[in-house]
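In what follows, every heavy atom counts, from backbone to side chain, and hydrogens, waters and symmetry copies are set aside. Proteins come first, then strands; the chains are lettered A, B, ... in the order of their sequence lines, and each starts at number 1.
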Amino acid sequence: MADERIGVYICHCGTNIAGTVDVEKVAQRIAGLPNVVLAKDYKYMCSEPGQAMIKQDIRDRKLNRVIVASCSPRMHEPTFRKAAQEAGLNPYLVEMANIREQCSWVHMKEPEKATVKAIALVAAAVAKSVFDEPLQMREVPVTPAALVIGGGIAGIQSSLDLADQGFKVHLVEKTPSIGGHMAQLDKTFPTLDCSACILTPKMVDISRHPNISLLAYSEVKAIDGYIGNFKARVLKKPRYVDESKCTGCGLCAEKCPVNVPSEFDLGLGTRKAIYVPFPQAVPLRYTIDRENCLYFKKNICRACEKFCTSGAIDFGQLPAEVELEVGAIIIATGYDLYDAGHKAEYGYGIYRNVINGLEFERLVNASGPTSGKVLRPSDGKAPRSVAFVQCVGSRDKNANLYCSRVCCMASLKQAHQIKEKFPGAEVSIFYIDMRCFGKGYEEFYERVQQEGVRFIRGRVGEILENPDDKNLVLRFEDTLLGEVAEREFDLAVLATGVIPRADTSELQSILKLSRGPDGFFLEAHPKLRPVETNIDGVFLGGAAQGPKDIPDAVAQAGAAASRAAVPLSMGKVELEGIIASVDEDLCSGCRICESVCEYGAIKMKEKSGKQVSSVIEVLCKGCGVCGSACPTKSIKMCHFTDDAILAQVKAVLRD
Amino acid sequence: MKDSKANRVPSWNLAKEVMSRGARIYPLEDLNTLYECVQCGTCVGSCPSGRRTALRIRSMIRGIQMGYREEVLDTNDLWSCTTCYTCQERCPRDVRVTEIVKIVRNIAFEEGRAKERHLVVANNFIKTGHTIPLNEEGKKTRVKLGLSPVPPTSLLFPEALAEIQEIMRTDGFYNKVIRDKK
Amino acid sequence: MAVDEFQPKILGFLCNWCSYAGADLAGISRMQYPPNLRIIRVMCSGRIDPAFVLEAFKSGADGVLVAGCHLPSDCHYVSGNFKTYRRIAALRKLLQQLGFEPQRLRVEWVSASEGARFADVVKEMTDEIKRLGPNPLTKTGGEFAGSSLRELERVASRVTSTSQA
Amino acid sequence: MSKLKIGFYWASTCGGCEVAVLDVNEKILDTLKVADIVFWPVVMDIKYKDIKAMGDKSVDICFFNGSIRNGENELLAKLLRKKSRILISFGSCACGGGVPGLANLHNRRTVFEKVYRESVSTKNLPGVIPRTCSEAKEGELTLPEFYDTVKTLDQVVNVDFYLPGCPPPVDLIAKVLQSFSSGTNPKKGSVLAPEISLCESCKREKGNKKIAKVKRFHETALDPKKCFLDQGIICMGPATRSGCGEPCLDANMPCTGCMGPIPGASDQGAAMIGALSSILGIENEKEKSENDMDQLVGEIKDPVGTFYKYTLPSSIINRRVK
Amino acid sequence: MKKYAFFLGCIMPLRYPGIEAATRLVMNEFQIDLLEMNGATCCPAPGVLGSFDLENWLVIGARNLSIAEQLGLDITLTCNGCYASLQEASVILNDKERRGRVNALLEKVKRSYGGGTQVKHVVEVLDKDVGSETLKNHITRQLKGLRVAAHYGCHYLKPTKIRAHGSSERPVFLDDLVSLVGAESVPYKDKNICCGAGGGVRSGEPLVALDFTLEKVQNMTAAGVDCIVTPCVFCHLQFDLGQTELRDKGRLKERVPVLYITQLLGLAMGLSPEKLGLYDNSVPPAYLERLGITGGNK
């Protein structure tokens with residue numbers, strides 16, 4: 001291997017690296033290593049002149065290996081690989097040494113030690129590069145269809161955006177209807193347009209769009225494959241109503257004798273055992289709730305079946321599995337509401353007049369259980385005084401440290417609605433900070449101030465209930481005055497935070513996604529790749545990525561659709577060249593690799609009279625688990641070979 | 001206040017003092033939450049003492065953050081906290097409020113800022129191993145209820161009393177109390 | 001003493017998706033930790049061959065850290081981390097039999113969002129290895145302390161002479 | 001062409017290798033047609049001075065068996081290297097350290113303590129242990145130095161060929177003798193055994209590898225047709241060179257690894273640990289806690305004795321370090 | 001038979017021996033052996049002595065723990081304050097470095113504390129070791145019609161980070177115990193608020209402490225209760241003596257009698273009020289008449 005010609009490039013990264021690591025010394029030391037033709041340091045390797053220098057050297061100095069010591073390969077490996085490729089060098093002959101994130105930035109107070117470490121890291125990259133071999137990317141075709149999981153506003157937006165571009169979209173929604181949380185809201189801040197009025201046309205568009213196939217009341221159970229070629233298994237839960245026959249007339253529900261609390265109305269109103277969640281549901285098809293249906297419980301009734309004129313009731317319906325083939329996936333599963341019951345000091349779930357913000361939305365909504373009259377749950381009276389308690393479950397280390405972003409504006413909007421309906425009512429918002437950062441938000445805050453809503457800077461300590469009239473006593477400090485106070489209110493609305501959906505971890509393990517410390521799905525890069533995930537071909541739309549209000553959710557969903565459209569419209573994608581390969585002469589056919597491969601990428605085959613393993617290249621994801629399990633070492637993990645890693649181990653520990 | 005408030009310069013000295021003293025007992029990472037206080041007022045809103053006294057625990061935390069030593073140490077409010085932990089339990093930043101109160105009191109005590117009434121308790125403890133004395137009436141009641149007249153504590157075992165006195169001489173507590181007594 | 005303080009060399013094998021990203025995050029967040037860890041990136045912790053770990057100790061590593069995605073379901077490659085755990089468990093047993101303190105080989109799960117945890121792990125492990133002292137292989141060159149032939153013979157002759165006396 | 005001159009030497013080992021030579025039976029007569037045995041301490045008397053007197057490279061092939069345990073072993077290894085044209089590392093002990101190599105889990109002191117003082121059958125009241133040098137009426141008496149660490153032959157001298165096995169398989173010995181006498185010398189440094197693993201020559205039925213639990217012999221009835229690993233029995237076959245003729249497998253016993261590592265996986269134990277731990281408890285593995293896995297792995301008793309039975313001195317970490 | 005080292009503290013043996021007698025009697029009924037911790041001292045009081053010098057507080061606490069360690073027993077006790085001190089000290093002393101520092105001092109008096117001694121409140125012993133089934137079986141006198149104000153006190157529950165007895169906001173164990181003896185636990189305003197005694201406030205700011213007490217008693221009286229039940233000897237003192245002090249100052253007319261939980265339990269188990277020391281409280285046990293109890297069969 002004497003003909004390796006290695007060029008090493010040490011990046012200053014401005015002062016990010018050079019401020020701590022003595023880059024010149026690193027270059028000097030590395031220049032003395034065998035096979036190293038040149039070692040240079042430069043201000044910004046990733047800059048145009050930096051890249052040009054590398055390209056020039058590859059050509060002029062006949063380099064066949066390039067080492068860039070700079071930031072994390074997770075940041076700029078693609079950049080330098082591309083540069084090398086442009087100069088005619090196989091991109092897999094570029095190695096990076098991470099001397100920024102894993103050296104200069106974490107040892108800022110120990111420059112000498114950081115320099116020694118940097119030398120070791122670069123030397124290890126040099127040692128490994130000798131064993132690097134040129135690899136080829138594999139090109140695979142893309143199925144021009146997308147799977148969108150979740151039918152809230154984000155999922156709806158993503159689906160429409162992709163479908164309008166001509167791609168087939170499968171929209172899977174867990175509940176009987178699409179619409180999500182937005183369908184439950186009354187008016188939306190800061191414009192006060194009616195949530196249903198702006199949402200329902202989009203829902204109808206979904207149902208009518210020729211490119212969209214809607215799978216409501218369905219759940220994604222498994223996803224296999226890779227970008228361009230995913231296979232999803234979706235379970236269609238039985239509605240016990242034939243969707244093709246149901247006309248949505250509602251006669252069945254009218255005749256159904258069973259009343260149960262309505263999920264859509266958060267238990268404030270009721271629905272029947274055969275139901276649509278809300279009148280504008282899409283698809284407008286009824287669903288029998290097996291738990292509460294008298295037929296399923298006691299084998300009696302069947303009223304719906306008797307009265308259904310189209311014969312749509314089918315008690316014998318079974319769950320059905322659908323397999324979908326798609327090229328990209330958008331996750332738009334949304335959020336759950338924090339359970340305010342955890343903050344026992346506020347008495348939610350115990351005091352009837354303590355409600356959460358979403359419950360308020362149902363109370364104030366004309367189609368809600370009180371027909372839009374905001375009445376206290378305890379006695380149905382109009383409240384004369386209402387308190388909004390902010391940051392319940394948000395900005396709280398004992399619940400969720402993050403700010404839920406929507407609650408300040410939601411409470412402002414709700415306070416405004418109280419003032420609108422009961423101008424004489426005393427309305428107070430108890431807050432830590434009012435966060436009104438969106439377009440038109442601060443202006444809305446000002447408007448609500450003018451309407452006479454009282455703003456009290458102090459997080460509420462506790463709420464007590466007066467046992468006689470069920471009025472609520474709030475204990476708080478007006479921190480701006482330093483005064484302790486107790487004040488009585490008729491109704492308290494808790495601005496409960498937004499949390500990841502309860503089933504997030506299920507979807508996480510189905511797709512192998514990462515989650516942030518807040519529990520929401522993690523984007524590939526917080527700034528530059530906000531809708532991508534670490535899985536190629538899987539994108540995030542809406543609040544599945546973090547708390548968002550409607551404009552942000554729609555924007556994120558649109559962005560996700562636009563990113564997903566890239567591979568879909570290319571028609572093909574390139575897959576990593578880093579895969580396993582088998583030396584069939586050495587392989588003894590012991591079948592251990594076959595057992596450990598999670599992707600079924602290793603199959604046994606016959607080769608000159610013996611059984612040997614072979615790698616199915618498109619299925620191989622390049623993890624290398626087989627390589628370290630292979631007792632004969634006949635599996636070579638390309639780019640991460642035993643020889644390469646052992647060379648790295650020895651080099652990195654040398655001094 | 002020695003200086004006019006307008007001229008005060010904030011410093012982290014007091015916060016650091018509280019940290020370093022407290023860390024001998026409590027984990028430092030717990031106490032570090034002091035820096036995270038956002039002055040939301042949950043503590044004061046929850047404080048049963050603040051409803052009847054001038055104690056504003058939030059202001060005290062702020063005072064420590066700003067390094068206003070006199071204001072924090074020399075206030076009667078410092079001794080109005082019943083250490084009921086309600087503020088600490090509800091604090092959204094997990095600030096170890098009650099523990100910090102105790103540490104600040106330790107500093108005040110060392111500097112002779114404790115109340116005379118408190119020193120009575122400390123003296124009782126040093127002299128008997130108990131915070132309150134045993135009187136004849138108590139002995140009688142004990143006997144009546146079938147208990148030994150003197151409980152088997154340091155009151156019954158002088159060597160036990162000698163032990164804790166030895167400990168308190170060594171660890172300096174004795175001196176703190178006696179000096180304050182003067 | 002502080003000047004001569006033993007500075008262990010710790011080799012870290014980190015999986016690309018969780019732990020390496022976690023280490024990057026520690027850097028991005030400028031969390032400071034001891035410079036004793038040197039990192040080798042692999043795509044999955046399941047790539048780590050027992051021979052790599054043994055070779056690391058032979059090459060003078062005072063400790064080896066293997067870090068991957070959290071059990072049970074964070075692994076980017078479904079279950080590589082389970083293989084890792086079992087391999088490391090077996091290796092620890094082997095190393096113990098070979099006279100190494102098992103704490104020198106450590107497996108930790110660090111997710112992409114756990115920069116602080118990564119820094120803590122490095123700090124903690126560096127402290128632990130400092131307590132344990134250098135890799136016994138490099139310290140003794142593979143010989144047991146005090147087993148030199150001459151000494152052994154001296155002991156033997158002493159025993160002989162006293163028993164004869 | 002003159003007859004080949006061959007020799008056999010027995011260093012630190014049990015002697016089985018030499019018996020294996022005799023097991024070649026009547027074929028040895030064929031050998032003797034083309035070769036003269038110039039020394040073979042186990043069957044013919046020879047003194048150091050006789051060997052020293054031989055000319056350099058005067059011996060055509062020297063079969064050296066046994067590990068290097070003491071000063072005499074090393075002295076003879078060096079001497080024979082000088083006198084021989086071809087030096088063959090013969091048998092597991094010479095090649096990988098062999099069973100005596102497991103003494104590297106101890107040191108000289110503990111070995112001596114055990115052998116000369118602690119073992120129940122030892123009667124040594126004064127506690128005398130051997131010394132390299134002691135005074136006697138007759139003058140100074142010397143013994144070779146007993147090393148702290150067992151070494152392989154190639155750790156003290158250059159070796160031309162390796163013939164592993166405990167003992168080396170008769171067929172291979174015969175083949176070697178034949179090939180050297182016919183003058184078709186294999187490539188220098190090579191192992192005179194097939195370049196494949198035992199699994200490849202093993203006739204047992206191999207399933208998809210999933211071991212629920214490591215079992216020991218008494219815990220299960222062994223199916224003579226099925227792969228041992230598939231039955232939960234640790235078999236070193238996957239990481240062991242083939243060529244032995246599978247006498248153990250035929251006797252329904254798993255391979256313990258005497259043929260040593262296969263090319264590409266030079267650390268036999270590491271290769272086997274990697275393989276075994278990968279498939280141990282792989283079924284429903286995601287339901288297992290760290291504790292469960294610790295327990296599963298805990299069932300592997302004595303990892304060094306199991307995975308490095310014949311190769312500890314030649315492995316990456318070649319002895320106990322503390 | 002379960003055994004505990006019985007930590008007496010100050011208030012119980014010196015001011016309320018009735019609680020000591022009741023606790024010993026009740027535990028005896030349940031065959032729980034209480035062994036003496038000879039030479040124990042004040043815990044020391046977490047709010048007073050802890051406020052003066054936490055390090056001294058810790059080492060004296062460690063000394064008390066070491067006495068139980070010598071007996072080879074876990075500790076039980078009756079006062080939330082003692083519980084706060086010893087339980088917290090045992091948690092702090094699980095840390096090797098802190099334990100080392102404390103042991104360096106204890107060495108002077110030839111003592112040491114190894115760590116690991118458990119500190120259990122009598123409430124936990126009743127809950128975990130005895131259990132509600134056994135409790136029920138021992139009830140011979142249902143206290144029907146007795147209206148009880150349950151007062152939990154602070155330091156058995158809080159801080160919840162080291163005292164994992166569930167939510168500190170809405171605890172139920174005491175109400176459960178009250179129902180178990182056939183009495184009624186009456187809800188009242190600000191049920192979970194401190195009695196006012198803790199943190200050295202009773203000794204340092206007695207008027208502030210009494211102000212707490214007055215408010216609580218008024219809330220209890222407004223709910224119409226016959227008695228107060230508490231699991232803490234210090235709260236017991238504050239309510240019992242505090243009400244008398246309030247009356248003497250002319251701030252309170254009607255006083256509500258106070259029972260410690262083992263006294264309530266003892267009463268329901270048929271023990272005589274005299275033996276339980278109910279007449280030795282400052283506030284006379286008026287409820288006995290209502291219940292028609294004059295003596296006991298045990």
Side-chain angles (χ1 to χ4, degrees), chain C residues 46 48-59 71-73 75 78-79 82-101 107 109 135-153 155-164, chain D residues 104-110 112 116-117 125-134 145-149 265-267 269-282 285-290 293-294 296-298 300-305 307-308 312 315-322:
Chain C
I48 297 156
D49 194 303
F52 301 166
V53 175
L54 296 174
E55 195 61 57
F57 282 115
K58 190 182 178 189
S59 304
L71 297 178
S73 45
C75 178
V78 189
S79 62
F82 281 85
K83 274 85 176 170
T84 308
Y85 187 85
R86 296 196 297 267
R87 285 186 195 138
I88 300 304
L91 265 178
R92 277 161 75 106
K93 245 189 117 176
L94 174 77
L95 285 166
Q96 199 165 9
Q97 209 181 357
L98 288 170
F100 289 88
E101 297 86 349
V107 61
W109 313 124
N135 176 344
L137 188 67
T138 53
K139 195 165 67 182
T140 61
E143 301 281 309
F144 285 78
S147 72
S148 85
L149 189 64
R150 204 135 300 136
E151 194 208 347
L152 201 66
E153 289 181 351
V155 175
S157 62
R158 206 179 320 126
V159 173
T160 327
S161 57
T162 47
S163 58
Q164 281 165 350
Chain D
N104 281 359
L105 283 178
H106 308 273
N107 61 1
R108 176 173 35 225
R109 163 176 278 186
T110 50
F112 276 18
Y116 295 103
R117 286 177 188 153
L125 272 182
V128 182
I129 60 158
R131 281 188 270 164
T132 50
C133 187
S134 51
E145 180 181 348
F146 186 90
Y147 291 164
D148 207 48
T149 299
S266 57
D267 192 300
M272 196 56 207
I273 289 170
L276 180 68
S277 53
S278 298
I279 53 171
L280 180 57
I282 195 171
E285 64 185 329
K286 295 204 131 192
E287 285 152 31
K288 295 186 171 81
S289 67
E290 294 188 357
M293 291 191 276
D294 285 336
L296 271 178
V297 171
I300 304 172
K301 309 293 179 197
D302 183 18
V304 173
F307 302 118
Y308 292 98
L312 182 58
S315 60
I316 298 174
I317 308 281
N318 64 357
R319 63 167 291 102
R320 190 178 161 90
V321 291
K322 205 165 127 187

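- Annotation: side chain of D:Val321 is not in contact with side chain of C:Phe57 (no heavy-atom distance under 4.5 Å).
- Checked by atom type, the side-chain pair D:Ser278/C:Arg87 shows a donor-acceptor distance below 3.5 Å.
- Ranked by heavy-atom pairs under 4.5 Å with chain C, the list D:Val297, D:Ile279, D:Leu276 is led by D:Val297.
- Heavy atoms of D:Phe307 lying under 4.5 Å from chain C are absent altogether.
- Note that the CD1 atom of D:Ile316 and the CG atom of C:Leu98 stand 11.0 Å from one another [nearest 0.5 Å].
- With a 4.5 angstrom heavy-atom cutoff, C:Glu101 touches chain D only via side-chain atoms.
- Contact tally against chain D (heavy-atom pairs below 4.5 Å) for C:Arg92, C:Lys83, C:Lys93, C:Gln97: the top residue is C:Gln97.
- For chain C, the nearby part of D:Leu312 is the side chain; its heavy atoms alone come within less than 4.5 Å.
- Both the backbone and the side chain of D:Asp302 come within less than 4.5 Å of a heavy atom of chain C.
- Both the backbone and the side chain of C:Phe100 come within less than 4.5 Å of a heavy atom in chain D.
- Smallest separation of non-hydrogen atoms from C:Phe82 and D:Lys286: CZ-CA, 3.5 Å.
- For C:Val53, no part lies under 4.5 angstrom from a heavy atom of chain D.
- Taking both residues in full, the closest heavy atoms of D:Ser277 and C:Ala90 are given as CB-CB, 4.4 Å, listed atom of the first, atom of the second, then distance.
- Side-chain contact between D:Asp267 and C:Glu55 is absent, with no heavy-atom pair separated by less than 4.5 Å.
- Note that CD1 of C:Ile88 is 12.0 Å distant from CG of D:Asp294, once rounded to the nearest 0.5 Å.
- Summarising the geometry of C:Leu71 relative to D:Met293, their closest heavy-atom pair is CD1-CE, 3.9 Å, with the distance given to 0.1 Å.
- Minimum interatomic distance between C:Leu54 and D:Ile317 (heavy atoms only, all atoms of both residues): O-CD1, 3.6 Å.
- When all heavy atoms of C:Ser79 and D:Glu285 are compared, the closest pair comes out as OG-OE2, 3.2 Å.
- Atom CZ in C:Arg86 sits 12.5 Å away from atom CD in D:Glu290 (nearest 0.5 Å).
- Contacts between D:Glu287 and chain C at a heavy-atom distance below 4.5 Å are absent for every atom of the residue.
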